Novice: 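Below: one structure in structure tokens.
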Amino acid sequence: MSAEDKEAQEDELLALASIYDEEEFKRAESAQGGETRICLELPQNFKIFVSGSATETPQSNSFECTVCFLPPLVLNFELPPDYPSTSPPIFTLSGKWLSQAQLSALCKHLDNVWEENRGCVVLFAWMQFLKEETLSYLNISSPYELKMCQAGAGQSRAP
């Protein structure tokens, strides 16, 4: 790890810790990395339409409601030794209300932001994009449809 990379990483992590509160940004204790929880600002009177699974009649479990917030997007990241000079942060992005395709599109955009800013720190730019542009980038508008899965569907666990 070069001295410049180490200094840039420390400066970036300290800056993020001073900008965001502990609910939004947590630095990892053991590694150069951490976790951010990004709460999107929804437009006023934002509605979600929740639809039941395809095996049931459409009316049985469908409803619409106005929400003030959605669960946060969670960005976990680790900074490799040669970040930011050469390598991008290693990251995972999750959001309970987004599809795999939507999450993939956001991840691809974060990769593009790194490519455009190669050699510079990018975590703040990533966080600002996710907070301010996720809805428009994914063309999400009200009412936003969420599909319910049947209990036990989608995930399996080994005994």
Side-chain angles (χ1 to χ4, degrees), residues 1-50 63-149 154-155 157:
M1 174 184 282
S2 75
E4 291 85 11
D5 281 338
K6 184 159 184 53
E7 185 176 345
Q9 289 181 19
E10 281 301 316
D11 290 349
E12 181 177 33
L13 293 172
L14 285 171
L16 292 173
S18 69
I19 294 168
Y20 299 101
D21 65 34
E22 287 184 19
E23 293 288 313
E24 293 175 289
F25 176 78
K26 288 188 176 122
R27 184 171 175 173
E29 292 178 21
S30 59
Q32 286 291 89
E35 175 182 281
T36 64
R37 295 181 165 279
I38 296 142
C39 294
L40 306 183
E41 292 179 21
L42 298 178
Q44 222 173 356
N45 299 318
F46 190 84
K47 294 184 185 320
I48 58 169
F49 177 75
V50 180
F63 61 93
E64 186 173 284
C65 63
T66 303
V67 295
C68 297
F69 62 90
L70 291 166
L73 300 177
V74 179
L75 177 71
N76 286 289
F77 65 90
E78 189 176 320
L79 304 178
D82 59 350
Y83 167 81
S85 65
T86 309
S87 297
I90 299 161
F91 71 93
T92 57
L93 180 65
S94 58
K96 296 186 182 304
W97 51 276
L98 291 173
S99 70
Q100 280 304 122
Q102 290 170 316
L103 286 169
S104 293
L106 291 174
C107 289
K108 187 172 175 60
H109 184 79
L110 297 183
D111 289 337
N112 291 339
V113 170
W114 162 255
E115 288 301 328
E116 293 166 8
N117 296 282
R118 185 178 282 274
C120 300
V121 295
V122 294
L123 291 174
F124 181 76
W126 283 4
M127 292 168 69
Q128 288 301 106
F129 163 76
L130 291 170
K131 185 177 185 99
E132 296 174 2
E133 298 179 51
T134 292
L135 295 177
S136 61
Y137 186 78
L138 296 176
N139 294 317
I140 292 174
S141 59
S142 179
Y144 177 61
E145 184 176 359
L146 293 174
K147 293 184 186 338
M148 280 196 303
C149 296
Q155 289 186 344
R157 292 190 178 162

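Along the sequence shown, residues carry numbers from 1. These figures come from a predicted structure and were not determined experimentally.
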Novice: Apply side chain to side chain contact (heavy atoms under 4.5 Å, CB included) to the pair Y144 and L135, showing each step before the final yes or no.
Specialist: CA-CA 10 Å; Y144 177 61; L135 295 177; over 6 Å; no

Novice: Taking only residues two or more places apart in sequence or in another chain, which ones pass side chain to side chain contact (heavy atoms under 4.5 Å, CB included) with P72?
Specialist: R37, C39

Novice: Just verifying a value: how many Å separate S142 OG and L42 CG, rounded to the nearest 0.5 Å?
Specialist: 9.0 Å

Novice: So, taking the atom named OG1 in T36 and the one named CG in L130, what distance separates them when rounded to the nearest 0.5 Å?
Specialist: 7.0 Å

Novice: Residues in salt bridge (Lys or Arg N to Asp or Glu O under 4.0 Å) with E23, at least two apart?
Specialist: none

Novice: State, yes or no, whether a side-chain contact exists between L98 and L138 at a heavy-atom distance under 4.5 Å.
Specialist: yes

Novice: Is it true that the side chains of S87 and D82 contain a donor and an acceptor less than 3.5 Å apart?
Specialist: yes

Novice: Among L103, V74, I38, which residue meets the side chain to side chain contact (heavy atoms under 4.5 Å, CB included) test with L93?
Specialist: L103

Novice: Evaluate the side-chain proximity of P89 to V122: yes if any heavy-atom separation is below 4.5 Å, no if none is.
Specialist: yes

Novice: Taking it one step at a time, do Q32 and Y83 satisfy side chain to side chain contact (heavy atoms under 4.5 Å, CB included)?
Specialist: CA-CA 10 Å; Q32 286 291 89; Y83 167 81; over 6 Å; no

Novice: Under the salt bridge (charged side-chain N to carboxylate O under 4.0 Å, His left out) rule, what pairs show up with a residue in residues 3-20, not counting sequence neighbours?
Specialist: E10-R27

Novice: For the pair L40 and L70, evaluate side chain to side chain contact (heavy atoms under 4.5 Å, CB included) and give the outcome as yes or no after the intermediate values.
Specialist: CA-CA 7 Å; L40 306 183; L70 291 166; 5.6 Å; no

Novice: Using every non-hydrogen atom in the two residues, find where E78 and P80 come nearest and quote the distance to one decimal.
Specialist: O-CD, 3.4 Å

Novice: Carefully, step by step, assess L79 and L123 under the rule side chain to side chain contact (heavy atoms under 4.5 Å, CB included).
Specialist: CA-CA 10 Å; L79 304 178; L123 291 174; 4.0 Å; yes

Novice: Quick one, M127 and I19 - any side-chain contact, counting heavy atoms below 4.5 Å?
Specialist: no

Novice: With distance as the sole test, does T66 use its side chain to make a donor-acceptor pair with the main-chain N or O of N45 at under 3.5 Å?
Specialist: no

Novice: Centroid separation under 6.0 Å, is that true for the rings of W126 and F91?
Specialist: yes

Novice: For P71, is there any backbone N or O sitting under 3.5 Å from a side-chain donor or acceptor partner on W97?
Specialist: yes

Novice: What pairs with E64 under salt bridge (Lys or Arg N to Asp or Glu O under 4.0 Å), at least two apart in sequence or on another chain?
Specialist: none

Novice: Taking only residues two or more places apart in sequence, or in another chain, which ones meet E24 in a salt bridge (Lys or Arg N to Asp or Glu O under 4.0 Å)?
Specialist: K131

Novice: Which atom pair, heavy atoms only, marks the closest approach of T86 to W114?
Specialist: O-CZ2, 3.4 Å

Novice: Can you name the closest pair of heavy atoms from F46 and S141 and give their distance?
Specialist: CE1-C, 3.9 Å

Novice: Report the distance from atom SG of C68 to atom CD of E41, rounding to the nearest 0.5 Å.
Specialist: 12.5 Å

Novice: Drop me the distance from L106's CG to S94's OG, to the nearest 0.5 angstrom.
Specialist: 11.5 Å

Novice: Please identify each residue that fulfils ring-ring contact (aromatic ring centres under 6.0 Å, His included) with Y137, with sequence neighbours left out.
Specialist: H109, F129

Novice: Hey, what do you get for CG (D21) to NZ (K26), rounding to the nearest 0.5 Å?
Specialist: 9.5 Å

